[in-house]
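The structure under discussion appears below in the form of structure tokens.
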Amino acid sequence: MSLGDMLFGAFALPFMGRALLVLVVLSVVAGIVGVLVNLRGLEFISDGLTHAVFPGLAIGLAVGGTAGLVPGAAIAALIGAVLLTLFVRAGVTSDAAVAVVLTATFSVGVLVVSRSDDYSGELEALLFGRVLTIAPEDVVPLLVVSLIAAVAVGATLKQQVFRAFDPHGSRAAGDRGLALDLVLNASIALVVVAGASTVGTLLVLALLIVPGASARLATVRLWWLFPVAAAVGAVSAWLGLAVGFGVSVGAGIDLPAGSTVVAVFVVVYALMLGARLVRDRMARRAPARPETTRLADVPGER
């Protein structure tokens with residue numbers, strides 16, 4: 001298989017085209033939401049929400065089959081987002097709140113799945129995703145869930161960034177902290193819903209965390225973080241699907257698509273981290289430039 005066939009030709013296949021569309025849209029949205037997760041330090045809460053969707057997936061699958069996955073997961077994730085937000089606002093430490101929601105919801109999910117005749121098969125699908133077997137009728141719901149998260153974050157983006165850097169100033173400016181927290185946590189939950197249906201509940205956290213962390217390595221300009229994270233997510237998703245297909249078809253090695261995508265996300269992050277370390281080392285070794293004082297730096301001068 002040629003490189004061109006692997007990178008482009010593979011997506012002429014209907015199941016690969018559907019996987020690419022869903023994962024690219026999801027990765028772009030997850031990258032944007034993930035920047036706020038990174039700025040707010042909400043990685044552990046995001047981890048809790050990834051587990052909160054599990055009982056919803058299990059109940060949805062038991063009640064409505066694969067068509068019930070997204071509605072079930074969405075309901076469970078939004079309930080988890082509200083509970084986590086209210087726990088933290090009530091004074092419960094975020095770690096304790098996450099631990100309570102995580103253990104309670106995951107145990108419920110396992111109990112529901114254990115009642116199935118195909119216990120191991122359904123559990124594997126929920127944990128590790130089904131990105132290459134997304135049915136045509138499931139594409140639109142997954143895209144809608146992702147885009148709702150994008151719209152919610154986009155509509156409150158300036159306020160979310162202000163709250164991330166200066167929560168007291170945000171409150172003084174009239175922003176409602178509870179409303180902003182609910183919007184952000186609900187957006188995280190919706191991204192988790194779409195991700196859990198593609199790469200699985202165990203790996204969806206990578207879609208939320210890695211692009212934002214990669215963007216922090218690439219730029220120090222605040223508003224550049226969002227397009228950089230989106231680009232990292234989209235390119236990583238595309239390369240992950242292409243590599244998985246190329247290795248599976250060309251080399252005869254069966255690679256799980258979702259796990260391959262996540263592995264590419266991590267490799268991209270490692271490469272960007274290495275480039276950042278090299279750049280910082282070169283900057284430290286470069287001769288210092290003589291400092292100059294700009295007029296704007298002098299207090300009281302313009």
**OP:** Look at the side chain of Thr219 and the backbone N and O of Trp224, then say whether any donor-acceptor pair between them is shorter than 3.5 Å.
**Re:** no
Original post:
Quick one: do Arg176 and Asp181 make a salt bridge, cutoff under 4.0 Å?
Top reply: no
**OP:** Give me the one residue out of Leu147, Val144, Val145 that meets side chain to side chain contact (heavy atoms under 4.5 Å, CB included) with Leu190.
**Re:** Val145
Subject >> Leu132 with Val140, same ILVMFWY side-chain cluster at under 4.5 Å >> reply: yes
Subject >> Derivation of the side chain to side chain contact (heavy atoms under 4.5 Å, CB included) call for Leu239 and Leu7 >> reply: CA-CA 7 Å; Leu239 289 178; Leu7 294 177; 4.0 Å; yes
**OP:** Please report the C-alpha distance between Val161 and Leu222 in whole Å, then the side-chain angles of each, then the deciding distance to 0.1 Å, and finally whether the side chain to side chain contact (heavy atoms under 4.5 Å, CB included) criterion is met.
**Re:** CA-CA 9 Å; Val161 172; Leu222 174 62; 3.4 Å; yes
Subject >> Nearest-0.5 Å distance that lies between atom CG in Leu277 and atom CE in Met272 >> reply: 12.0 Å
**OP:** Can you see which heavy atom on Thr156 is nearest to which on Ala152, and at what distance?
**Re:** OG1-O, 3.1 Å
Subject >> Joint hydrophobic cluster, Met16 plus Val249, side-chain heavy atoms closer than 4.5 Å >> reply: yes
**OP:** Kindly indicate whether the side chain of Leu184, heavy atoms from C-beta on, has any atom under 4.5 Å from the side chain of Leu42.
**Re:** yes
Subject >> Heavy-atom pair with the smallest gap, counting every atom of Met6 and Val243 >> reply: SD-CA, 4.3 Å
Original post:
Is a side-chain N or O of Ser259 found less than 3.5 angstrom from the main chain of Pro256, in a donor-acceptor match?
Top reply: no
Original post:
Honestly curious: do Phe265 and Val268 fall in one hydrophobic cluster under the side-chain, below-4.5 Å linking rule?
Top reply: yes
Subject >> Gap between atom CG of Leu208 and atom CD1 of Ile32 - 0.5 Å precision >> reply: 12.0 Å
Original post:
Are the side chain of Arg40 and the backbone N or O of Ala164 linked by a donor-acceptor pair below 3.5 Å?
Top reply: no
Original post:
Taking C-beta and beyond as the side chain, do Ile209 and Asn38 meet within less than 4.5 Å on heavy atoms?
Top reply: no
Original post:
Do the side chains of Val262 and Leu273 join up, straight or via other hydrophobic residues, at under 4.5 Å, putting them in one cluster?
Top reply: yes
Original post:
Hey, is the main chain of Ala194 close enough, under 3.5 Å, to the side chain of Thr198 for a donor-acceptor pair?
Top reply: yes
**OP:** Start with the C-alpha distance between Trp238 and Val261, add both sets of side-chain angles, then the distance that settles side chain to side chain contact (heavy atoms under 4.5 Å, CB included), and finish with yes or no.
**Re:** CA-CA 8 Å; Trp238 167 54; Val261 169; over 6 Å; no
Original post:
Should Leu205 and Ser46 count as side-chain neighbours, where that means a heavy-atom distance under 4.5 Å?
Top reply: yes
**OP:** Using modelled atom types only, decide if a donor and an acceptor are shared between the side chain of Ser236 and the backbone of Val232 within a distance under 3.5 Å.
**Re:** yes
**OP:** Give the minimum heavy-atom separation between Ala77 and Val193, together with the two atoms involved.
**Re:** CB-CG2, 3.6 Å
Original post:
At what distance, to the nearest 0.5 angstrom, does CG of Leu20 lie from CD1 of Ile134?
Top reply: 10.5 Å
**OP:** Identify the two heavy atoms, one from Ala196 and one from Val204, that lie closest to each other, and give their separation to 0.1 Å.
**Re:** N-CG2, 3.9 Å
Subject >> Distance-only side-chain donor-acceptor flag, Thr85 / Asn185, under 3.5 Å >> reply: yes
Original post:
If you measure from CZ on Phe11 to CZ on Phe245, what distance do you get to the nearest 0.5 Å?
Top reply: 8.5 Å
**OP:** Go through Leu157 and Trp223 one step at a time and tell me if the side chain to side chain contact (heavy atoms under 4.5 Å, CB included) criterion holds.
**Re:** CA-CA 10 Å; Leu157 188 58; Trp223 294 110; 3.7 Å; yes
Original post:
Rounded to the nearest 0.5 Å, how far apart are CG of Leu39 and CD of Gln160?
Top reply: 10.5 Å
Original post:
Looking only at heavy atoms, what is the nearest atom pair of Gly244 and Leu255, with distance?
Top reply: CA-CD1, 4.5 Å
Subject >> Interatomic spacing from CG in Leu13 to CZ in Arg18 - rounded to 0.5 Å >> reply: 10.0 Å
Original post:
With the threshold set at 4.0 Å, does a side-chain nitrogen-carboxylate oxygen contact exist between Arg284 and Asp280?
Top reply: no
Subject >> Transitive ILVMFWY side-chain link Phe165 to Phe162, under 4.5 Å >> reply: no
Original post:
Is any side-chain heavy atom of Val191 closer than 4.5 Å to a side-chain heavy atom of Leu207?
Top reply: no
**OP:** Grab the two heavy atoms, one from Gly195 and one from Leu26, that are nearest each other, plus how far apart they are.
**Re:** CA-CD2, 3.5 Å
